[in-house]
Amino acid sequence: MSQPSSQKFTASEAQKAKQYESMQAELRKQQQQMALFGEVTLKIRQSLQLEDILHTTVTEVQRLLQVDRVLIYHVLPDHTGKTISEAVSPEYPALMHLEFPEEAFPQDYQQLYAQGRVRTIANVRDPTAGLATCLVKFVEQFGIKAKLIVPIVQTLTVQTHGNALVQQHLWGLLIAHQCQSTRQWVEFERELMQQLAVHISLALSQAQRLKQLEAVIEARTADLQAAQHNLQQESNGRMQAEAALRQNNECLAIISHELRTPLTSLHSALKILATGRLGNLSAKGQQMLTIADASTERLVRLVNNVLDLQRIESGNLMMQRQACNAAYLLTQAAEAMQPMAMQHGITLVTQLEDISVWADADYILQTLTNLLSNAIKFSPPYGKVWLSVARSDALSPYPAPAQQNISMVGSTESHDRSLDETLHLIPKPVRLHTHAETQARSAEFMSKPLPTPVRLSAHVEAHSPLPEAVFRIRDEGQGIPENQLERIFERFQQVDASDSRQKGGTGLGLAICRNVIEQHSGKIWAESTLGCGSTFVFTLPMPR
Amino acid sequence: MPTKRILIIDDEETIQTVVQFGIQMSAGWDVLLASSGAQGIVIAQTEQPDVILLDVVMPAMDGLATFKALRSHLATKHIPVIFLTAKVQTAARGQFDGLGISGVITKPFNALHLPEQIARILHW
């Protein structure tokens, strides 16, 4: 616009320009307000905390509309209500937390608001405003001269009889008060308030959803924490139990270990006394000495067994496995137990097969002597104890004339038992021989490779995928009740504890045997017929 | 078998006594007694026993340290040493392999059987 032409403005033009300017000013103001409004909605969206949202809203609306008071009134389920957020100029009273009686805001009004009614009152005293006199008095208490009320409505989906009903629920009101003067509310202000109310409503449902979500998360978290806690406790309990067991075992080991030194002295001293070379004892004295000596020996065995078991169970001990000749192991065990057998008048009968096993020879020897010692102890006088080893796949579909490398000498066993008869008690009691014979043969076992493996008609595990060596120790004792056949491999679980103690047992022997065999990936079990005897069987893998 | 001279080094007096009694009674060998590694080394140097029975677990100077000291002295390095230990399994499992000890006898032992065990270990 050029300067000279402006001088030619007419009066009407000047008026137009004035109008134009005021319009521009109004637009600028509205633009400003829109910008502020944008800020408010952004703030509302950014916050998920309901209190923050409401506080931001009232503060910003008060600033935006330049009003004396802005409040958010929350309608409670009992149709009373209260101000839950407020921004008010300092010269006017606060309505915050003031509870309004139902009369101040009757239910039919609430219905109208729920349907979206907006009230703009420029002057509360104006009769056309439709405010009852009592209500005018009520609002004037708080200095209210003009007010603008928009509803905050939530759309709720209610499930009734399987149908989803959409309901408009009046959550509350967004109210602006002018106290300084009456106020003619403009359309823009009304719209702005309405839009804000919509945003508040959205924020409300978001906040509620968040709250629900939080509640769900909290519940889940609590569940998880409880589960974790339980798990922790369970695991703690188990760990404690394991630690206790470990401590217990270690303690046992230490005690056993510490016992060894005094036991050595006790044991030796008694043996020295028993020689009689330090002076002769009376018959009663000798009896006492015998008791002391036998008890000491038992104690020594017990201490050794406890230590053995602890070591094997703790896994501190590695079995040193190598290929060993099973026949040789059996022979060694029989030799070691021969003095005890003779003492009890028992004949040891071995039936050997040249099988190689993958084992720690020392431990298998210990297992064999342990089982032999039991068999001897529980045999009737002048009975027999049979030891045998055979391949698990030795059962031949045809009665092979086995290339037996051992012959029976001095045995009364029949040679002619049918195949069936031999299946259960012992692996093929043909061609048995006495221990003396075994001894004579054992050198042979050790020194040179034996001829083709003997085929024995034993039934055992003929179908197992990998052939194993099956060791059997059979006695003619009183037998073991069926319900005890498994239990006897537990610690201190003798069939008859008093009987066992009399026989010098520790109650740990079979537990040790089981541990040893299981460490070898073998199996051990007992078979028994009451009154006829028992057979202890264990398997060992063969070298590949 | 000619008379042997055995030195036992063990802090337990009762062990010393039963070992002495047992060996003398069953084999008639001479037994020298020492209650500690240090004392044992001195006796070994002056008395030149045929074998030393050495307890592994002892206060102050234990069996292993004593053994090493014996090996480092010219006067004692040739004397065979047999460990006495309560740790039966570790002994049997070659825990002391490579040390140069002659053998291990595990507790509890019968002192009357010691001469026999010693003779077997040392091929006497």
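Chain letters run A, B, ... following the sequence lines, proteins first and then strands; every chain starts at 1.
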[atom1] ([X]) with more than 12 external heavy atoms under 6.0 Å:
X        : atom1 : answer
B:Leu74  : CG    : no
B:Glu47  : CD    : yes
B:Phe109 : CZ    : yes

Would you call A:Leu263 and B:Lys107 a side-chain contact if the rule is heavy atoms closer than 4.5 Å?
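Counting from C-beta outward, A:Leu263 and B:Lys107 never come under 4.5 Å.
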Supply the atom-to-atom distance A:Arg260 CZ to B:Leu84 CG, rounded to the nearest 0.5 angstrom.
13.0 Å
Which bit of B:Ile15 is near chain A, if near means a heavy-atom gap under 4.5 Å: side chain, backbone, both or neither?
both
Show the nearest heavy-atom pair for residues A:Arg277 and B:Met25, with the distance to one decimal.
NH1-O, 2.6 Å
Chain B contact residues among residues 264-274 of chain A, heavy-atom distance under 4.5 Å
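Only A:Thr264, A:Ser265, A:His267, A:Ser268, A:Ala269, A:Lys271, A:Ile272 of residues 264-274 of chain A have a heavy atom under 4.5 Å from chain B.
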